[in-house]
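Working notes, beginning with the structure itself.
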Amino acid sequence: MSDVQRVAEVTDGNHLVVDALRMNGVSTIYGVVGIPITDLARIAQAKGIRYIGFRNEQAAGHAAAAAGYITQRPGICLTVSAPGFLNGMVALANATTNCFPMILMSGSSDRATIDLKQGDYEELDQLASARPFAKAAFRVDKPELIGDGVARAVRTALSGRPGGVYLDLPAQVLRETIDKPAGEASLFTVATPAPSQIPSRESITRALDLLRQAERPLIILGKGAAYAQADEQIRKFVEGTGSPFLPMSMAKGLLPDDHPQSAAAARSLVLGGADVVMLIGARLNWLLGHGQPPEWSPDCKFIQLDISPEEMDSNRPIAAPVVGDIKSAMTELLARMNPGDIKPRKTWLEAVSTKKMQNTEKMRANLAREPVPMDFFSALRAIRDVLDNNREAFVVSEGANTLDNGRNILPMYEPRKRLDSGTWGVMGVGLGYAIAAAVESGSPVVAVEGDSAFGFSGMEIETMCRYGLPIVVIVFNNNGVYRGDEVNRYSSDPAPTVFTSGSRYDKLIEAFGGTGYDAETTESLTTALRQAFETRRPTLINCVIDPKAGTESGHLEHLKLE
Ligand code: ADP
Ligand code: TZD
């Protein structure tokens, strides 16, 4: 056999990883290159996988997680060893916490040297480090096992409760050559990585019985329901019950926020007043006051639809657990429900409707004001009005006041279009989520960011410009964390919450060829946002907010700290 023929018959770990990913439907990799994975990114590009290069692995990881959530395919983040891997770990842990399917793939240094702590370049026992923070962690120890490793990672990320998976790729495995036909034969496509999990008949019967007894029912839709892509079944079911529903923040838009059954504007009333609550892909965690009084009635009974059996009773006894995937559960419920089966009391519906009207009226008054400088209400109102004509846009949001007010003020009309700080209340997701939303969908994205929140991933505006993405970042510049007017009484250093005053975030994006606007009034904010939608150019709006406008979350005022 000639030398030329011989070369043509070998492949290496890098090629096998890329081929295995392609066979499993991966179309995009988010990452940061360096030793030992630069060639992997090049080969991926050569073989038709899109590689989106970031400035920090944390943002790349958040992008992968958001891609997983939006597409129901595992989002892939590629990093170098030790520090790059650790930067990506925040995103992996956050993906697991939020139940987003994601795979963090990191190159790793020589295992023998690591195990004896002999000081290799970027030395770290990555597999052990990842375990506590991931749904699972795997290592591929020889090129013949790459197909198995990718398959294990894909199936684990997607099946059951989705989550973050770590896949360790040792440098020597990536560069090792093996016989090409044997290597290729070792790869395969995972069959039905997220098989339906049909809930038991009895659990559906019990849930329906409880719903039929309900006088004051409430349905809570969580981001698990949005992820499940059972939009039509969920709409039919909710409408079939006639019950008020409450969307958790990332489930907004699953049914449009202006739906007559939405009880979002009567949240306290419905939580406190419901006698039967049906949780659909939502956990009774801190975001729902752990299901406990005083937010909830001590007598209320819960039905919970979730793919994860151990979620049941985590915070309160669940009277009717329905364990299965939401699409299957919804299909079963719809098949066994008759029109008029579920009869919310008229007084309940009237009470919800009255409260909604009162709260909407109060909000309208807050939104109508035109303070100078702008406050959170007036700026969000201006954004809301432009978004009303651009309903296909994604809304990404993080911060404290910016996030909390935005959740109430910015309505959503389409499913899976709102991405925010989520279960952990984490800062730093903004630009990664925005980039993934634009890359995966091609739709425009508006990222409404507190100025502190923006800082965590701000350098990714260069990434956004490099790929020419239709993203507009609106930085709510109130000059600090929560607010910008705190004074340090003890030294000349700025107070812990305060940033440089008069910062012009819009100038940052100009350095990379993007468009910057400085908006000091709602009028200029409106014009800037409209133009951003028209041009679809990467844009950053420095939105000047009164430094006195915010309130501090979790302030320990009661401790009377001096
Ligand atoms: P939210 O923060 O919106 O309340 P959570 O993240 O707390 O939502 O809850 C999402 C829940 O949805 C998790 O408990 C998860 O197990 C569940 N889940 C995710 N995907 C599915 C699915 N396809 N079918 C059923 N449950 C799912
Ligand atoms: N670090 C990380 C990773 N996540 C966090 N949640 C925090 C720190 C603490 N934190 C919050 O919980 S909100 C917030 C921080 C730093 C920023 C709030 O300020 P902002 O928003 O400028 O982003 P507002 O709208 O001015 O309140």
For the student: nearest non-hydrogen atoms of [X] and [Y], plus distance:
| X | Y | answer |
| --- | --- | --- |
| Ala225 | Ile280 | CB-O, 3.5 Å |
| Ala263 | Lys356 | CA-CD, 4.4 Å |
| Met102 | Ala65 | SD-CB, 4.0 Å |
| Ala134 | Thr96 | CA-OG1, 3.8 Å |
| Gly422 | Leu287 | O-CD1, 4.3 Å |
| Ala194 | Leu158 | CB-O, 3.6 Å |

Can you check whether [Y]'s main-chain N or O pairs, donor with acceptor, with [X]'s side chain at less than 3.5 Å?
| X | Y | value |
| --- | --- | --- |
| Asn98 | Asn94 | yes |
| Asp420 | Ser397 | no |
| Lys327 | Ser196 | no |
| Arg416 | Ala226 | yes |
| Glu398 | Glu449 | no |
| Arg216 | Gly273 | yes |
| Gln292 | Asn315 | yes |
| Arg73 | Asn24 | yes |
| Asp325 | Ser328 | yes |
| Arg381 | Arg369 | yes |

Restricting to side-chain contact (heavy atoms from CB on, under 4.5 Å), what partner residues turn up for [X], sequence neighbours left out?
| X | answer |
| --- | --- |
| Ser186 | none |
| Pro344 | Pro217, Ile342, Trp348, Leu349 |
| Ala228 | Ile326 |

Pairwise side-chain contact, [X] with [Y], heavy-atom cut-off 4.5 Å (strictly under):
| X | Y | value |
| --- | --- | --- |
| Asp275 | Gln213 | no |
| Met105 | Leu21 | yes |
| Met363 | Thr360 | no |
| Glu311 | Ile318 | no |
| Tyr413 | Asp258 | yes |
| Met89 | Leu92 | yes |
| Val386 | Val446 | no |
| Pro444 | Phe394 | no |

Should the pair Arg316-Asp313 be classified as a salt bridge under the 4.0 Å nitrogen-to-oxygen rule?
no
Taking 4.0 angstrom as the limit, do Arg206 and Asp209 come out as a salt bridge?
no
Test side chain to side chain contact (heavy atoms under 4.5 Å, CB included) applied to Pro415 and Leu254, Ile234, Ile70, Leu255, the passing residue:
Leu254
Hey, can you tell me if Tyr433 and Phe100 have their rings parallel, tilted or perpendicular (30° and 60° cut-offs)?
perpendicular
Please determine whether side chain to side chain contact (heavy atoms under 4.5 Å, CB included) holds for the pair Val448 and Leu380, giving the CA-CA distance in whole Å, both sets of side-chain angles, and the decisive distance to 0.1 Å.
CA-CA 9 Å; Val448 186; Leu380 284 162; 4.2 Å; yes
Test log, rule side-chain hydrogen bond (donor to acceptor under 3.5 Å, both in side chains), inputs Asp375 and Ser378
CA-CA 6 Å; Asp375 64 8; Ser378 62; 3.2 Å; yes
To the closest 0.5 Å, what do you measure between [atom1] ([X]) and [atom2] ([Y])?
| X | Y | atom1 | atom2 | value |
| --- | --- | --- | --- | --- |
| Thr331 | Phe237 | OG1 | CZ | 11.5 Å |
| Tyr227 | Gln72 | OH | CD | 5.0 Å |
| Ile220 | Leu246 | CD1 | CG | 5.0 Å |
| Cys77 | Ile103 | SG | CD1 | 11.0 Å |

Please test Met464 against Val473 for side chain to side chain contact (heavy atoms under 4.5 Å, CB included), starting from the C-alpha separation and ending with a verdict.
CA-CA 10 Å; Met464 197 175 120; Val473 178; 3.8 Å; yes
Under the side chain to side chain contact (heavy atoms under 4.5 Å, CB included) criterion, do Leu367 and Arg384 qualify, and how do the steps go?
CA-CA 11 Å; Leu367 291 175; Arg384 177 199 67 184; 3.5 Å; yes
Residues which pass side-chain hydrogen bond (donor to acceptor under 3.5 Å, both in side chains) with Thr205, listed by chain and number, not counting sequence neighbours:
Arg336
Criterion side chain to side chain contact (heavy atoms under 4.5 Å, CB included) on Arg364 and Glu361, from CA distance to verdict:
CA-CA 5 Å; Arg364 195 171 290 137; Glu361 210 37 61; 2.6 Å; yes
Please step through ring-ring contact (aromatic ring centres under 6.0 Å, His included) for the pair Tyr166 and Phe85, ending with a clear verdict.
CA-CA 10 Å; Tyr166 174 60; Phe85 155 81; 4.9 Å; yes
Can you tell me if CZ on Arg391 sees more than 12 non-hydrogen neighbours from other groups inside 6.0 Å?
yes
Could you go through Thr423 and Lys223, starting from their C-alpha distance and side-chain angles, then the distance that decides it, and tell me whether this counts as side-chain hydrogen bond (donor to acceptor under 3.5 Å, both in side chains)?
CA-CA 10 Å; Thr423 307; Lys223 59 179 161 332; 2.7 Å; yes
Assess the residue pair Arg283 and Asp306 against the criterion (salt bridge (charged side-chain N to carboxylate O under 4.0 Å, His left out)); give the C-alpha distance rounded to whole Å, side-chain angles, the decisive distance to 0.1 Å, and a yes or no.
CA-CA 9 Å; Arg283 286 171 284 185; Asp306 205 290; over 6 Å; no
Could you work out, with ring pair (Phe, Tyr, Trp, His ring centres under 6.0 Å) as the rule, every residue matching Phe54, not counting sequence neighbours?
none
With Asp257, the salt bridge (Lys or Arg N to Asp or Glu O under 4.0 Å) member among Arg418, Lys417, Lys252
Lys252
After noting the C-alpha distance and the side-chain angles of Asp19 and Arg22, does the key distance pass the salt bridge (charged side-chain N to carboxylate O under 4.0 Å, His left out) rule?
CA-CA 5 Å; Asp19 289 341; Arg22 283 173 64 213; 3.6 Å; yes
What pairs of donor and acceptor atoms, side-chain ones from residues 145-156 against any protein atom, are under 3.5 angstrom apart with sequence neighbours left out?
{"from": "Arg155", "atom 1": "NH1", "to": "Thr192", "atom 2": "O", "distance (Å)": "3.2"}
{"from": "Arg155", "atom 1": "NH2", "to": "Ala191", "atom 2": "O", "distance (Å)": "2.8"}
{"from": "Thr156", "atom 1": "OG1", "to": "Arg152", "atom 2": "O", "distance (Å)": "2.6"}

